[in-house]
Colleague: 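The structure under discussion is supplied below as structure tokens; questions concerning it will follow.
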There are 2 protein chains.
Amino acid sequence: MSPSTRLTRVEAKARTRRRLLDAAAGIFAEHGFSGASVDEIAARAGYTIGALYTHFSGKEELFLSLLEEHVSHRLRDAERIAGDGPDSFAAFGEFLADVADEHVPWSLLELEFLRYALPRPEVLARLAERWRIPRTAIARLAGGSEEVGTVILALFHGLVLQRRIDRAAVPSTLFADALDWLSKGIDAP
Amino acid sequence: MSPSTRLTRVEAKARTRRRLLDAAAGIFAEHGFSGASVDEIAARAGYTIGALYTHFSGKEELFLSLLEEHVSHRLRDAERIAGDGPDSFAAFGEFLADVADEHVPWSLLELEFLRYALPRPEVLARLAERWRIPRTAIARLAGGSEEVGTVILALFHGLVLQRRIDRAAVPSTLFADALDWLSKGIDAP
DNA sequence: GTCTATAGCCGGATAGAC
DNA sequence: GTCTATCCGGCTATAGAC
């Protein structure tokens, strides 16, 4: 039993903060950074703008907090996948197809953030560092060089985006097929 | 000698349209789609908003017109390259490396516009149609199926973006290397 | 801590004069 | 064809009541 059923001020504050972050994650995923309004974020969390501004300095701090969370989660995933051992390209292709649709919102957000980062060298450096992690993990998983990881990452992002534009053009089997071609050549049996 | 030094109505209209498109290309590249204002576009072209609206229905049509031009120019280039010889993959890889950096602003713009198009089915359909053109053309140039075109397109876009984030991670030779792997398999001699 | 109300700004689009 | 003037709506952020 907890000492009290009432939340302390600190706990209440943390809970509100979390609700706002969860709501923001959804709104950002749907509308992007510039397209999201703090008004809508607050409303989805069950609060009003005023409340939001007592917890965050504004939209930018909200976004950066979420980005930080996302990065650490992705890192954990990458390490778990890499820890599975040396898998075949085919199995990895299936995995990519599974996460492709789920990854769509962040794929778009990351690229929107890239534009934000371009004129800010220190932010761009942090972003480059963040992309190095999956690249290295994929290279290790595929048993190839760093450049193989880069190519597979490119393939993944490019296919995810095209699938979003035209679902029929990118069947989910194409993720595995592309990796297979990469491994053995297109004309292999 | 031309019949007159004065422009016909049709010529004058075409000239103004071109100036607006050129100005828009610059503003979109600098500020993105949502970040660009039609006001600024008109000003750079040497006109006012009112004039812009007599030539285009709005920002969206301005963008789609530019996108159409961009795609057709790239395709003309690609077809010229492919016409140079039978060894299409190697030559095409070099071509992709050449246009990669130049393509960066468009890469970002297309993705931003994708987000704009997502909740607008008819706009998304037009965008899907735009992507079908290079996909089919690439497939034909590479002598492969439609899905081969999709994969090469994915590769190109993914590599362009990673190169923008971290130039060292994507050497320009990687475009040709990736196509070579795709053709013959990674471990081929 | 959270609310309501509003200031202040900016952007896309339109109407009508010339 | 192009201009000026304006409407309309949405946004971030703040002030002050409860």
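Values below: every heavy atom of this structure, side chains too, minus hydrogens, waters and symmetry copies. All chains are named by letter (A, B, ...) in the order of the sequence lines, taking the proteins before the strands, and each is independently numbered beginning at 1.
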Colleague: Can you pull the side chain to side chain donor-acceptor pair (under 3.5 Å) pairs that have at least one residue in residues 61-70 of chain B, sequence neighbours excluded?
Modeller: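 For residues 61-70 of chain B: B:Arg18-B:Glu69, B:Ser57-B:Glu61, B:Glu68-B:Arg130, B:His70-B:His103, B:His70-B:Trp106.
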Colleague: Just jot down the salt bridge (charged side-chain N to carboxylate O under 4.0 Å, His left out) partners of B:Glu112, sequence neighbours excluded, or say none.
Modeller: A:Arg115
Colleague: In whole Å, I'd like the distance from the CZ atom of A:Arg9 to the P atom of C:dG1.
Modeller: 6 Å
Colleague: In whole angstroms, how far is the C1' atom of D:dG10 from the CD1 atom of A:Ile41?
Modeller: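 One finds 15 Å between C1' of D:dG10 and CD1 of A:Ile41, rounded.
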Colleague: Quick one: do the A:Gln162 and B:Thr150 side chains pair a donor with an acceptor below 3.5 Å?
Modeller: no
Colleague: Quickly work out the A:Lys59 NZ to D:dT14 P distance and round it to whole Å.
Modeller: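 Atom-to-atom, A:Lys59 to D:dT14, this comes out as 15 Å.
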Colleague: Roughly how many Å is it from CD in A:Glu61 to P in D:dA13, rounded to a whole number?
Modeller: 11 Å
Colleague: Taking only heavy atoms on the protein side, list every residue of residues 109-122 of chain B lying under 4.0 Å from any atom of DNA chain D, sorted numerically.
Modeller: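 Nothing qualifies; none.
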Colleague: State which residues pass side chain to side chain contact (heavy atoms under 4.5 Å, CB included) with B:Ala169; sequence neighbours excluded, sorted by chain then number.
Modeller: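 Once residues adjacent in sequence are excluded, the partners of B:Ala169 under the side chain to side chain contact (heavy atoms under 4.5 Å, CB included) criterion are A:Arg135, B:Asp166.
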Colleague: How far apart are the closest heavy atoms of A:Leu127 and A:Ala117, and which atoms are they?
Modeller: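 Taking every non-hydrogen atom into account, CD2-CB, 4.3 Å.
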Colleague: In whole Å, what is the span from the CG atom of B:Leu62 to the C1' atom of C:dA13?
Modeller: 14 Å
Colleague: Within this structure, what is the CG-to-P distance between B:Leu52 and C:dA13, rounded to whole angstrom?
Modeller: 9 Å
Colleague: What residues form a salt bridge (charged side-chain N to carboxylate O under 4.0 Å, His left out) with B:Lys59, not counting sequence neighbours?
Modeller: none
Colleague: Using whole Å, report how far CD of A:Glu11 lies from P of C:dG1.
Modeller: 12 Å
Colleague: To the nearest Å, how far apart are A:Tyr53 OH and D:dG16 P?
Modeller: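 It works out to 18 Å between those atoms.
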Colleague: Please tabulate the protein-to-nucleotide N/O contacts below 3.5 Å involving nucleotides 2-4 of chain C, giving atom names and distances.
Modeller:
residue	atom	partner	partner atom	Å
C:dT2	OP1	A:Thr16	OG1	3.1
C:dT2	OP2	A:His55	NE2	3.0
C:dC3	OP2	A:Thr48	N	2.9
C:dC3	OP2	A:Thr48	OG1	3.0

Colleague: List for me each residue that meets side-chain hydrogen bond (donor to acceptor under 3.5 Å, both in side chains) alongside B:Ser107, sequence neighbours excluded, and say none if there are none.
Modeller: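 By the side-chain hydrogen bond (donor to acceptor under 3.5 Å, both in side chains) rule, B:Ser107 matches no residue at all.
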Colleague: Which donor-acceptor pairs under 3.5 Å do side chains of residues 38-56 of chain B form with protein atoms, sequence neighbours excluded?
Modeller:
residue	atom	partner	partner atom	Å
B:Glu40	OE2	B:His31	NE2	3.4
B:Arg44	NH1	B:Glu30	OE2	3.2
B:Arg44	NH2	B:Glu30	OE1	3.2
B:Arg44	NH2	B:Glu30	OE2	3.4
B:Tyr47	OH	B:Thr16	OG1	3.2
B:Tyr47	OH	B:Arg19	NH1	2.9
B:Thr54	OG1	B:Ala51	O	2.7

Colleague: Name every residue in residues 31-40 of chain B that has at least one heavy atom under 4.0 Å from any atom of DNA chain C, in order of residue number, or write none if there are no such residues.
Modeller: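 Result for residues 31-40 of chain B: B:Ala36, B:Ser37, B:Val38, sorted by number.
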Colleague: Can you name the salt bridge (charged side-chain N to carboxylate O under 4.0 Å, His left out) partners of B:Glu102, sequence neighbours left out?
Modeller: B:Arg74
Colleague: Could you pull out the protein-nucleic contacts involving nucleotides 7-9 of chain C (nitrogen or oxygen on both sides, under 3.5 Å)?
Modeller:
none

Colleague: Report the residues that fulfil salt bridge (charged side-chain N to carboxylate O under 4.0 Å, His left out) with B:Arg163, sequence neighbours left out, ordered by chain and then residue number.
Modeller: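 Testing B:Arg163 for salt bridge (charged side-chain N to carboxylate O under 4.0 Å, His left out), a comparison that skips the adjacent residues, returns B:Asp101.
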